[in-house]
Amino acid sequence: MDQPIRMKSNGQISVVLNSQKKILSKELPDFQVVPKVIPPEHSALIEIEEELGTLVGMEEMKRMIKEIYAWIYVNKKREEMGLKARKQALHMMFKGNPGTGKTTVARLIGKLFQKMSVLTKGHLIEAERADLVGEYIGHTAQKTRDLIKKAQGGILFIDEAYSLGRGGEKDFGKEAIDTLVKHMEDKQHEFILILAGYSSEMEYFLTLNPGLHSRFPLVVDFPDYNINQLMDIAGRMLIEREYTLSHEGEKKLRDHLIWVKAVLNPNSFSNGRYVRNVIEKSVRAQAMRLLMLNNYDRHELMTLRSNDLIFDED
């Protein structure tokens, strides 16, 4: 990885994946074989990689986390050698529809950064508009400052952040945005702010304060899951709970997911969250069926049948 992170003219960092650009060196050949196995001293990255491996999809995000790790680690080595290693704010913006893994990834990032001593605690404080916006002038700024204080040493994760700008000029949400921008600069190495929301809404949100765009060096897109990935998520949830789908049940779930993704607005479909809700309802329906049949055979206890699958749209 020759140059994993590159500065854009607008101040954002572009995560360069599989870059082909080579840096000339007098001492080393241009083409070096990069080992595929991570050296054992990088235990923090190895542990996070194992957790990331349990997540479906998000290949670009997984590569990005590796490259951020490498960048921070190499910067520490540069410091040890007396080279310049300027600290970079790591505030992020996650763009994507509900249920695409944004909160899960935020938790893993906090864990990784704590192990790397980038964050002292690595905890995650989740917030939404109601947690920041007050009822009178000055109240919002205080509520926002209190949340930032709770997030010191960790991550402040604000979901549906664009809702802070929906009320217009006179809405107190603008006060929350202004307070966040100020503390992102004043305390930029003491906590990490992650704003999350729908892609188009977040693009508009960036226009609400002239200082917002340049303060988010990492902007990450979380794509929707395809049908095979949704079925993979369902399969992993079932294995974790020690259940299995019958052949007819599996076909019914796949057919329903194809239908619901075609019918629902993409912004209305909650991806992994939708699948989880279906599985949980089906488990309850199976329990009621077995209770009425008075049948507690091990195979039946583990099997979800097609008539156990409950869909709200039916």
Side-chain angles (χ1 to χ4, degrees), residues 11-12 61 65 68 87-199 201-220 222 273:
Q12 285 187 331
M61 165 58 75
I65 288 177
I68 292 175
K87 279 191 173 182
Q88 174 68 50
L90 291 168
H91 302 304
M92 305 179 190
M93 183 170 288
F94 289 176
K95 299 190 297 184
N97 290 326
T100 48
K102 297 185 290 296
T103 308
T104 300
V105 169
R107 284 198 184 94
L108 288 177
I109 288 173
K111 195 174 185 179
L112 175 63
F113 286 177
Q114 189 272 328
K115 289 179 179 294
M116 295 189 72
S117 300
V118 174
L119 295 171
T120 56
K121 299 177 182 176
H123 63 300
L124 185 76
I125 299 294
E126 295 183 62
E128 53 188 20
R129 178 186 164 91
D131 300 309
L132 292 102
V133 178
E135 300 173 359
Y136 49 83
I137 295 174
H139 188 207
T140 294
Q142 186 57 52
K143 287 184 76 172
T144 305
R145 284 194 296 268
D146 289 344
L147 266 179
I148 292 170
K149 187 176 181 180
K150 287 180 183 178
Q152 291 294 292
I155 293 174
L156 176 57
F157 181 88
I158 303 177
D159 202 8
E160 298 184 358
Y162 50 80
S163 63
L164 295 172
R166 280 183 169 169
E169 285 295 318
K170 294 183 180 180
D171 184 73
F172 290 133
K174 187 176 184 302
E175 189 179 355
I177 296 171
D178 294 341
T179 305
L180 286 170
V181 168
K182 182 179 187 305
H183 284 79
M184 286 170 72
E185 185 65 32
D186 295 348
K187 301 179 184 294
Q188 63 175 301
H189 302 302
E190 297 175 31
F191 80 108
I192 290 173
L193 176 64
I194 299 179
L195 301 185
Y198 298 120
S199 298
E201 300 269 19
M202 294 306 289
E203 286 298 324
Y204 168 73
F205 176 76
L206 286 173
T207 67
L208 298 178
N209 183 296
L212 272 176
H213 201 280
S214 63
R215 284 176 169 81
F216 288 95
L218 290 163
V219 179
V220 185
F222 284 73
R273 198 178 305 155

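Bear in mind the structure is a predicted one, so any value in this text is a computation, not a measurement.
- Counting only heavy atoms from C-beta outward, the side chains of Glu126 and Arg107 approach each other to under 4.5 Å.
- Pairing each heavy atom of Thr120 with each of Gly153, the nearest pair is OG1-CA, 3.2 Å.
- When the options Thr144, Ile194, Leu180 are evaluated for a side-chain contact (heavy atoms from CB on, under 4.5 Å) with Leu156, the one that passes is Leu180.
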### Message
Pair Tyr162, Tyr198 - check ring pair (Phe, Tyr, Trp, His ring centres under 6.0 Å), show working.
### Response
CA-CA 8 Å; Tyr162 50 80; Tyr198 298 120; 5.8 Å; yes
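- Under a 3.5 Å cut-off, the side chain of Thr140 and the backbone N or O of Val133 do not form any donor-acceptor pair.
- Under the 4.5 Å side-chain criterion, counting only non-hydrogen atoms from C-beta, His91 is in contact with Leu193.
- With values rounded to the nearest 0.5 angstrom, Phe113 atom CZ is found 5.0 Å from Leu90 atom CG.
- Residue Leu147 comes nearest to Ala127 through the heavy atom pair CD1-CB, 3.7 Å, listed as atom of the first residue, atom of the second, then distance.
- A pairwise comparison of heavy atoms in Arg129 and Ser163 identifies NH1-O, 2.8 Å as the closest pair.
- Counting heavy atoms from C-beta outward, Leu218 and Ile68 have side chains that approach closer than 4.5 Å.
- At a threshold of 4.5 Å between non-hydrogen side-chain atoms, the residues Val219 and Met202 do not count as touching.
- Rounded to the nearest 0.5 angstrom, Asn97 CG and Arg273 CZ are separated by 10.5 Å.
- Classification of Asp146 and Lys150 as a salt-bridged pair fails, no side-chain N sitting under 4.0 Å from a carboxylate O.
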### Task
Assess whether side-chain contact (heavy atoms from CB on, under 4.5 Å) is satisfied between Ile158 and Asp131, documenting all intermediate values.
CA-CA 9 Å; Ile158 303 177; Asp131 300 309; over 6 Å; no
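- Between Phe94 and Phe222, the ring planes are tilted. Angles from 30° to 60° get that label.
- In this structure, Tyr204 OH and Leu206 CG are separated by 11.5 Å, a value rounded to the nearest 0.5 Å.
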### Message
Run Ile65 and Val105 through side-chain contact (heavy atoms from CB on, under 4.5 Å) and show every step you take.
### Response
CA-CA 10 Å; Ile65 288 177; Val105 169; 4.3 Å; yes
### Query
Yes or no on side-chain contact (heavy atoms from CB on, under 4.5 Å) for Lys95 and Glu203, after CA distance, side-chain angles and deciding distance?
CA-CA 9 Å; Lys95 299 190 297 184; Glu203 286 298 324; 2.5 Å; yes
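- Taking both residues in full, the closest heavy atoms of Phe191 and Leu119 are given as CA-CD2, 4.3 Å, listed atom of the first, atom of the second, then distance.
- Distance check, rounded to the nearest 0.5 Å: NZ of Lys187 to NZ of Lys182 gives 8.0 Å.
- Between Gln152 and Lys121, the closest heavy-atom pair is O-CD, 3.8 Å.
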### Task
Evaluate the side-chain contact (heavy atoms from CB on, under 4.5 Å) criterion for residues Val220 and Met92: first the C-alpha distance (whole Å), next the side-chain angles of each, then the deciding distance (0.1 Å), finally the verdict.
CA-CA 8 Å; Val220 185; Met92 305 179 190; 5.5 Å; no
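- For the residue pair Ala176 and Leu164, the shortest heavy atom distance occurs at CB-CD2, 4.2 Å.
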